[in-house]
2 protein chains.
Amino acid sequence: MKEKLKEHIEKLIPLTEDEFTFILSHFSIEKYKKNDFLIQQGENVNYCYYVVSGLLKLVFNDKDGKQHIVSFAMEDWWESDFSAYFMQTKAKMSLQCIENTIVFSISLKNYQKLSTELPKMGSFFLKKSNLGHIASQNRILSFLTSNAKERYEQLLKQYPLLFQRVPKTLLASYLGVSRETLSRLSS
Amino acid sequence: MKEKLKEHIEKLIPLTEDEFTFILSHFSIEKYKKNDFLIQQGENVNYCYYVVSGLLKLVFNDKDGKQHIVSFAMEDWWESDFSAYFMQTKAKMSLQCIENTIVFSISLKNYQKLSTELPKMGSFFLKKSNLGHIASQNRILSFLTSNAKERYEQLLKQYPLLFQRVPKTLLASYLGVSRETLSRLSS
DNA sequence: TCATAATTGTGATGTTTGTCACACTCGAAC
DNA sequence: GTTCGAGTGTGACAAACATCACAATTATGA
């Protein structure tokens, strides 16, 4: 598991053993079971998570009780309610397990400490954040340019694995359509 | 104009005069007129921009000739086709002036140089990137949870100034609705 | 194994939104 | 002042999508 994190960081930034040991000391490892919450809407957000294995959903529950999936977090993804994490406010979204999941967690203090004491990690987090921003913009573009069917096909192409791992209802609430419409699209 | 950039950075990170002089040496100032392009879809993206004054649109033109506005960039905003900028690929979107506009521009080399040589700026860019990511996620949430009318009202509330500065057609292509629908919503 | 819940497909119907067509206003350029 | 084009509003109709209802199938746990 340590190796997974190390290899992940080294895809962007080469590390010495000592540096990785230092990095690792800022993280905790945590295990969760299906349906467990890592973050609960309305509560404090103390950690940002790196997913070693399993699958999470970042989800917003509206006043009508509908759930809207902002993001799935799979292996190798970094996830949190970033707004609440960085600004130290209450969570607007929940982060919940779709499968049993293992993560590395890092507190905001350790995130900031690591960024400044090891500039390499600052630049790693910067790159990750930029990639996250780009991914979100692509998702926005997908809403602007494509109808439900096209968005469905884009998702199918981008994450074919997802279709065997999560119920269609969740895919629908990620795509922003009703589960009935999604069902009709796939036939 | 220099003062504007300085004050902007100092909202997040305090600076000495020497530091700011060093920072400024990595930027160029540029002036554009209404309808000028800072970035052209399909071409290289050499700069990221800080908007001193004026107004820009980050826009994707699809194969049917329709334009989709990913973002407006107003005073104090940082904008570029970040994907093309960071990954050194061709621009997927254009960045074009809605009004006469003054910007500071920074090349990717200088962005990286500044981030590493002045760690404060690395942490400034990291914070800005995180804020950009958060803003994009909020926009996604708005698409997931709200219909055209609600998105319209959210925009009205968030950027009331925009409604006097840009034609409704552009607002419509930001909201992801036809201009006719937007027209009917406001009455 | 059985009972129960979760997931999925599909028809009927209503609402939302897009598209096409046309008219009107207003400001800029000549 | 006239002309032109961009911006805007609105009616009529079509397409996309949501909602409600119900049946069928597939996990899942005691």
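Each chain gets a letter, A, B and so on, in the order the sequences are listed, and its residues count up from 1.
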message: Name the residue from I98(A), V51(A), I39(A) that meets the side chain to side chain contact (heavy atoms under 4.5 Å, CB included) definition with L56(A).
response: V51(A)
query: Going through the checks in order, is the ring-ring contact (aromatic ring centres under 6.0 Å, His included) test met by F124(B) and H8(B)?
result: CA-CA 10 Å; F124(B) 173 79; H8(B) 172 72; 5.8 Å; yes
message: Checking T101(A) against S53(A) for the side chain to side chain contact (heavy atoms under 4.5 Å, CB included) test, could you report, in this order, the C-alpha distance in whole Å, the side-chain angles of both residues, the deciding distance, and whether it holds?
response: CA-CA 6 Å; T101(A) 299; S53(A) 68; 6.0 Å; no
- line: Tested for salt bridge (Lys or Arg N to Asp or Glu O under 4.0 Å) against E99(B), the lone hit among R165(B), K31(B), K34(B) is R165(B)
query: Within the side chain of E43(B), is there an N or O that forms a donor-acceptor pair under 3.5 Å with the backbone of Q40(B)?
result: no
task: Please identify each residue that fulfils side-chain contact (heavy atoms from CB on, under 4.5 Å) with Y159(A), with sequence neighbours left out.
output: M74(A), W77(A), L155(A), L162(A)
task: Kindly state which residues belonging to residues 138-152 of chain A come within less than 4.0 angstrom of DNA chain D, counting heavy atoms of the residue only, listed by number.
output: N147(A), A148(A)
task: Could you check how far CD1 of I98(A) sits from P of dA6(C), rounded to whole Å?
output: 16 Å
field: Centroid-centroid distance, F125(B) to Y111(B), less than 6.0 Å
entry: yes
- prompt: Are R139(B) and F143(A) in a cation-pi contact, defined as NZ or CZ under 6.0 Å from the six-membered ring centre and within 45° of the axis?
  reply: no
task: Enumerate the residues from residues 55-72 of chain A whose closest heavy atom to DNA chain D is under 4.0 Å, giving them by residue number; use none for an empty result.
output: K66(A)
query: For DNA chain C, which residues in residues 174-186 of chain B have a heavy atom at a distance below 4.0 Å?
result: G176(B), V177(B), S178(B), R179(B), E180(B), T181(B), R184(B)
task: Specify the angle, to 10°, made by the local axes at the two ends of the helix from dT1(C)-dA30(D) to dC30(C)-dG1(D) when five pairs are taken at each end.
output: 50°
task: Apply the test side chain to side chain contact (heavy atoms under 4.5 Å, CB included) to residues N44(B) and Q88(B): give CA-CA distance (whole Å), side-chain angles for both, the deciding distance (0.1 Å), then the verdict.
output: CA-CA 7 Å; N44(B) 289 325; Q88(B) 291 290 288; over 6 Å; no
field: K33(B) versus C97(B), closest heavy-atom pair with distance
entry: O-CB, 3.5 Å
Side chain to side chain contact (heavy atoms under 4.5 Å, CB included) between S146(B) and R151(B), intermediate numbers included: CA-CA 6 Å; S146(B) 311; R151(B) 293 204 303 280; 3.8 Å; yes
task: Within residues 154-170 of chain A, find the residues that approach DNA chain C with a heavy atom at under 4.0 Å, and present them sorted by residue number.
output: P167(A), K168(A), T169(A)
field: Polar side-chain atom of S123(B) near backbone of P119(B) as donor-acceptor pair, under 3.5 Å
entry: no
- request: Mind running ring-ring contact (aromatic ring centres under 6.0 Å, His included) on Y152(A) and F163(A) for me, showing each step along the way?
  value: CA-CA 11 Å; Y152(A) 168 78; F163(A) 288 72; 5.7 Å; yes
- prompt: Does the separation of the ring centres of F104(A) and Y49(A) fall below 6.0 angstrom?
  reply: no
message: Assess, by modelled atom type and distance only, whether the side chains of Q67(A) and N61(A) contain a donor and an acceptor separated by less than 3.5 Å.
response: no
